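Indexing begins at 1, ligand by ligand and atom by atom, following the structure's order. On a predicted model such as this, the values are computed, not experimentally measured, just so you know. Computed over heavy atoms, backbone and side chain alike; hydrogens, waters and symmetry mates excluded. Positions are given from 1, in the same order as the sequence printed here.
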Amino acid sequence: MFAFLNKKDPVETTELKLDPKRIPAHVAIIMDGNGRWAKARHLPRVAGHKEGMNTVKKVTIAASNLGVKVLTLYAFSTENWKRPTDEVNYLMQLPVNFFETFVPDLIKNNVRVSVMGYTDKLPASTQKAVKDAIADTKDCDGMVLNFALNYGSRAEMVTGIQKIARQVAAGELAVDEIDDQTVDEALMTAPLAPYHDPDLLIRTSGEERLSNFLLWQIAYSELEFTDVKWPDFTATTLQACIAAFQSRDRRFGGLSAKK
Ligand code: FPP
């Protein structure tokens, strides 16, 4: 891990040297620490989420400029419904505010919006904002900005297994034909192919756990944990995470190309 990623206070540094040929195609982020960021400032938790939304805007543009192909952001989990109603309502309103103010910039930057999760359970206004953003950006062929909204990896796997079982029961698929690709195609990341698996998974705020995020897809992802809380995450923090990624020797279970 890069030394400055461990610092409690984020530091703006001069641009890090990155190899443009080894930018991770799919970057996934568990955006954590909004509540603690707000608490440290004696602000209500939702102030952290609001600032977190502004960070999403900055990081989206930074990732797109770096040449990332897919940026997946964990915005709301299937477990986040357990939070107080006021906070849940605020989090449900955030995509509405985000897309209302940011779709023109997404189009300008050729970014296409995609969403994965049980979106039919979201409030109607959130569903409409998401559908409109997907429609408004459908012709953009640059980076895909993929929000995980009411997403949980175990629920996704259960749904995927049910889908495969139905194919078997209908005689469309033999049990012995089930392989990695069958599972890939049954999961919510299938439309992101060939970039369905993240190359780099980042979690902010010092927590080092996966919280039911993309458990199948991260089998060979590089993991990067930073103490920086999500509202303080910047383009520079993203570059540092990518620099750390580029310093890794990815072997996918094989031997290093250098050996
Ligand atoms: C975790 O921090 C964060 C969330 C559950 C919500 C993440 C949402 C955003 C960053 C805004 C998303 C923006 C759009 C456009 C959808 P936490 O509240 O658990 O923080 P804590 O661990 O410090 O309490």
Mind checking whether Asp32 has an N or O less than 3.5 Å away from an N or O of ligand 1?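 Yes; the residue has a nitrogen or oxygen that sits under 3.5 Å from a nitrogen or oxygen of the ligand.
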Please report which non-hydrogen protein atom sits nearest to [atom], along with the residue it belongs to and the distance in Å to one decimal place.
| atom | value |
| --- | --- |
| atom 13 (C) of ligand 1 | Val56 CG2, 4.0 Å |
| atom 14 (C) of ligand 1 | Phe147 CE2, 4.0 Å |
| atom 10 (C) of ligand 1 | Asn34 ND2, 3.2 Å |
| atom 1 (C) of ligand 1 | Met31 O, 3.2 Å |
| atom 5 (C) of ligand 1 | Asn80 OD1, 3.7 Å |
| atom 20 (O) of ligand 1 | Gly35 N, 3.1 Å |

Tell me if a side-chain donor or acceptor on Thr126 pairs with a main-chain N or O of Leu122 at a distance below 3.5 Å.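 Absent.
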Within 45° cone and under 6.0 Å: Arg83 NZ/CZ vs Trp81 ring: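 Arg83 over Trp81 ring: no.
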Among side-chain atoms of [X] and [Y], is any donor-acceptor pair under 3.5 angstrom?
| X | Y | result |
| --- | --- | --- |
| Arg154 | Thr78 | no |
| Asp184 | Trp216 | yes |
| Gln167 | Glu177 | no |

Using heavy atoms and a threshold below 4.0 Å, how should the contact between Trp230 and ligand 1 be classified: side chain, backbone, both, or neither?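 Within the 4.0 Å criterion, Trp230 contacts ligand 1 through side-chain atoms alone.
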So which bit of Leu73 gets within less than 4.0 Å of ligand 1, heavy atoms only: side chain, backbone, both or neither?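 For Leu73, no heavy atom sits under 4.0 Å from ligand 1.
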Atom indices of ligand 1 within 4.0 angstrom of [X] heavy atoms, with elements:
| X | result |
| --- | --- |
| Leu94 | 11 (C) |
| Ala75 | 6 (C), 7 (C), 8 (C), 16 (C) |
| Phe98 | 15 (C) |

Indicate if Leu73 and Tyr195 have the same hydrophobic cluster label, given that clusters are the connected sets of ILVMFWY residues with side-chain heavy-atom separations under 4.5 angstrom.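 No, Leu73 does not connect to Tyr195 through the hydrophobic network.
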Quick test of your reading of the structure: of Arg36, Arg83, Arg45, whose heavy atom lies closest to atom 19 (O) of ligand 1?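 Checking each option, the heavy atom nearest atom 19 (O) of ligand 1 is found in Arg83.
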For Lys138 and Asp136, run salt bridge (Lys or Arg N to Asp or Glu O under 4.0 Å): C-alpha distance rounded to whole Å, both residues' side-chain angles, the deciding distance at 0.1 Å, then the answer. CA-CA 6 Å; Lys138 71 173 185 349; Asp136 291 345; over 6 Å; no
Does Gln93 form a side-chain hydrogen bond (donor to acceptor under 3.5 Å, both in side chains) with Asn89? I'd like the steps, not just the answer. CA-CA 6 Å; Gln93 180 61 27; Asn89 290 343; over 6 Å; no
Report yes or no: does a heavy atom of Gly33 sit under 4.0 Å from some atom of ligand 1?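 Distance cut 4.0 Å: Gly33 passes for ligand 1.
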Have a look at Phe147 and tell me which of Tyr74, Phe76, Phe99 forms a ring-ring contact (aromatic ring centres under 6.0 Å, His included) with it.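 It is Phe99; the other options fail the test.
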